[in-house]
J.: 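Could you have a look at this structure, given as structure tokens, before my questions?
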Protein chains: 2
Amino acid sequence: MSNQTKYKLSFKIWLEHRGKPLIGKGGAQILEQIEKERSISRAAKNLGMSYRYVWSYIKKVERTLGSPIVKTYKGGRRGGGGAKLTNFGKELLEEYRRVECLLNKALAETK
Amino acid sequence: MSNQTKYKLSFKIWLEHRGKPLIGKGGAQILEQIEKERSISRAAKNLGMSYRYVWSYIKKVERTLGSPIVKTYKGGRRGGGGAKLTNFGKELLEEYRRVECLLNKALAETK
DNA sequence: CCTCGTTGTGTCTTCGTATTCATATCGAAT
DNA sequence: ATTCGATATGAATACGAAGACACAACGAGG
């Protein structure tokens, strides 16, 4: 008896730079939420992550890349500050979405 | 400026059963070595893993699957014991190799 | 019945990752 | 000038995965 259909094929993909991880599914969600919410703290809350973790993630990527992916603002009575993706950050997110989509198609055919 | 080529796409694939991981690249290497060496301890040594780790991996998979994937023997002055894959274990390994190969082909075309 | 190499298992340590907490800083709006 | 919500950051803690160590159990063959 064959078990071709018994097991589910799962996968993870991510982009690397100089051997270091840049962005995977979680990172993509973070960047997406920051773009949508214009705030690191709200992005973190929406994703059920700690602010500390999201902030650290951003810094880690920026250290690896050598360029900022998020531009932040401080202060302001209404809002208190905020954040948005840099063009660089947007490109990174788009590139991830692109390869993710390609791989999904490839997997669908593999089915 | 686009960064299509700046980042390296990396990925991991594995098979799951009821949402739990069964076998990925590492697991496949373990099963392969066990089949080749007819011994868990030699397989572990060849792979640079601890016996404990390899043994635990096997047990975890068997708990998830509800069936043994490795048959073991104890005792004997010459050999002292040994192990080999059950038919079930062989099928699992083959199934992993199959999807791995398919995915590699799909990715090569996607490139 | 003794030996030897392997299986089987508990425990402790290490280590990377993620969470929590606490606190300082900023600055536009009021 | 005061306020308020967000950014920024250190430190302590928690947690799970993996490795290191130690040792008991087994049993075919000599």
Side-chain angles (χ1 to χ4, degrees), chain A residues 10 12 14 16 19-31 33-64 67-86 89, chain B residues 10 12 14 16 19-31 33-64 67-86 89:
Chain A
S10 299
K12 256 188 196 178
W14 65 94
E16 287 184 356
K20 291 183 180 174
L22 277 185
I23 182 174
K25 191 179 172 190
Q29 287 180 331
I30 288 174
L31 295 192
Q33 281 292 319
I34 289 175
E35 185 68 356
K36 181 187 163 202
E37 295 286 347
R38 301 265 155 177
S39 154
I40 295 177
S41 59
R42 281 198 298 276
K45 176 169 281 191
N46 286 356
L47 294 169
M49 301 172 180
S50 64
Y51 173 87
R52 191 71 169 87
Y53 174 74
V54 171
W55 185 86
S56 302
Y57 166 75
I58 294 166
K59 287 304 160 190
K60 192 188 65 176
V61 172
E62 292 183 339
R63 264 200 314 277
T64 299
S67 312
I69 58 172
V70 173
K71 165 81 175 157
T72 60
Y73 309 89
K74 281 167 132 187
R77 182 163 194 177
R78 178 176 130 261
K84 64 175 213 170
L85 299 189
T86 63
Chain B
S10 299
K12 266 187 191 177
W14 66 93
E16 287 185 356
K20 292 183 180 174
L22 277 184
I23 182 174
K25 193 179 171 189
Q29 287 179 330
I30 287 174
L31 295 193
Q33 282 291 321
I34 288 175
E35 185 67 356
K36 182 186 163 203
E37 295 287 347
R38 300 268 155 176
S39 153
I40 295 177
S41 60
R42 280 198 298 275
K45 175 169 282 190
N46 286 357
L47 294 169
M49 302 172 179
S50 65
Y51 174 87
R52 189 74 167 86
Y53 175 74
V54 171
W55 185 87
S56 301
Y57 166 75
I58 295 166
K59 287 304 160 190
K60 191 188 66 176
V61 172
E62 293 183 339
R63 263 200 314 277
T64 299
S67 312
I69 59 172
V70 173
K71 165 82 176 156
T72 59
Y73 310 87
K74 282 168 132 185
R77 182 161 194 178
R78 179 176 127 261
K84 63 176 215 170
L85 298 188
T86 63

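Being a predicted model, the structure only gives us computed values, none of them experimental. Proteins get letters first, then strands, A, B, ... in listed order; numbering begins at 1 in each.
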J.: Looking for any heavy atom pair under 4.0 Å, which part of the strands does B:Arg42 touch: base, sugar-phosphate only, or nothing?
T.: sugar-phosphate
J.: May I ask you to decide if A:Gly89's main-chain N or O and A:Glu35's side chain share a donor-acceptor pair within less than 3.5 Å?
T.: no
J.: Figure out the NZ/P separation between A:Lys60 and D:dA8, and round it to whole Å.
T.: 18 Å
J.: Calculate the interatomic distance between B:Glu62 atom CD and C:dG8 atom C1'; express it in whole Å.
T.: 13 Å
J.: Among D:dA6, C:dT7, C:dC21, which nucleotide has an atom closest to any side-chain atom of B:Ser39?
T.: C:dT7
J.: Looking at the side chain of A:Trp55, which of C:dG8, D:dT9, D:dC21 is the nearest nucleotide?
T.: D:dT9
J.: Take atom OH of B:Tyr53 and atom C1' of C:dG10, then tell me their distance rounded to the nearest Å.
T.: 19 Å
J.: To check you understand the geometry: which heavy-atom pair defines the closest contact between A:Ile40 and A:Ala83, and what is its length?
T.: CG1-CB, 3.7 Å
J.: For the pair made of NZ in B:Lys74 and P in D:dA24, what is the distance, rounded to whole Å?
T.: 13 Å
J.: Please report, rounded to the nearest Å, how far the C1' atom of C:dA18 is from the CD1 atom of A:Ile58.
T.: 16 Å
J.: Is there a side-chain contact between B:Val61 and B:Ile23 (heavy atoms, below 4.5 Å)?
T.: no
J.: Just to be sure I understand the rule, does B:Tyr51 reach a base, reach only the sugar-phosphate, or reach nothing, if contact means heavy atoms closer than 4.0 Å?
T.: base
J.: Please give, in whole Å, the distance from D:dT9 P to A:Tyr57 OH?
T.: 18 Å
J.: Given that A:Ser41 and B:Gly80 both sit by DNA chain D, which one's nearest nucleotide is further toward the 5' end?
T.: A:Ser41
J.: Kindly indicate, with the supporting measurements, whether the criterion side-chain contact (heavy atoms from CB on, under 4.5 Å) is fulfilled by A:Gln33 and A:Val54.
T.: CA-CA 11 Å; A:Gln33 281 292 319; A:Val54 171; over 6 Å; no
J.: How far apart are the closest heavy atoms of B:Glu16 and B:Trp14, and which atoms are they?
T.: OE2-NE1, 3.0 Å
J.: Rounded to the nearest angstrom, tell me the gap between atom NZ in B:Lys84 and atom C1' in C:dT6.
T.: 17 Å
J.: With a non-hydrogen cut-off below 4.0 angstrom, is B:Gly76 in contact with a base, only sugar-phosphate, or nothing?
T.: base
J.: How close or far is atom P of D:dA6 from atom NZ of A:Lys45, stated in whole angstroms?
T.: 8 Å
J.: Between C:dT19, D:dT7, C:dT7, spot the one nearest the side chain of B:Thr72, thanks.
T.: C:dT7
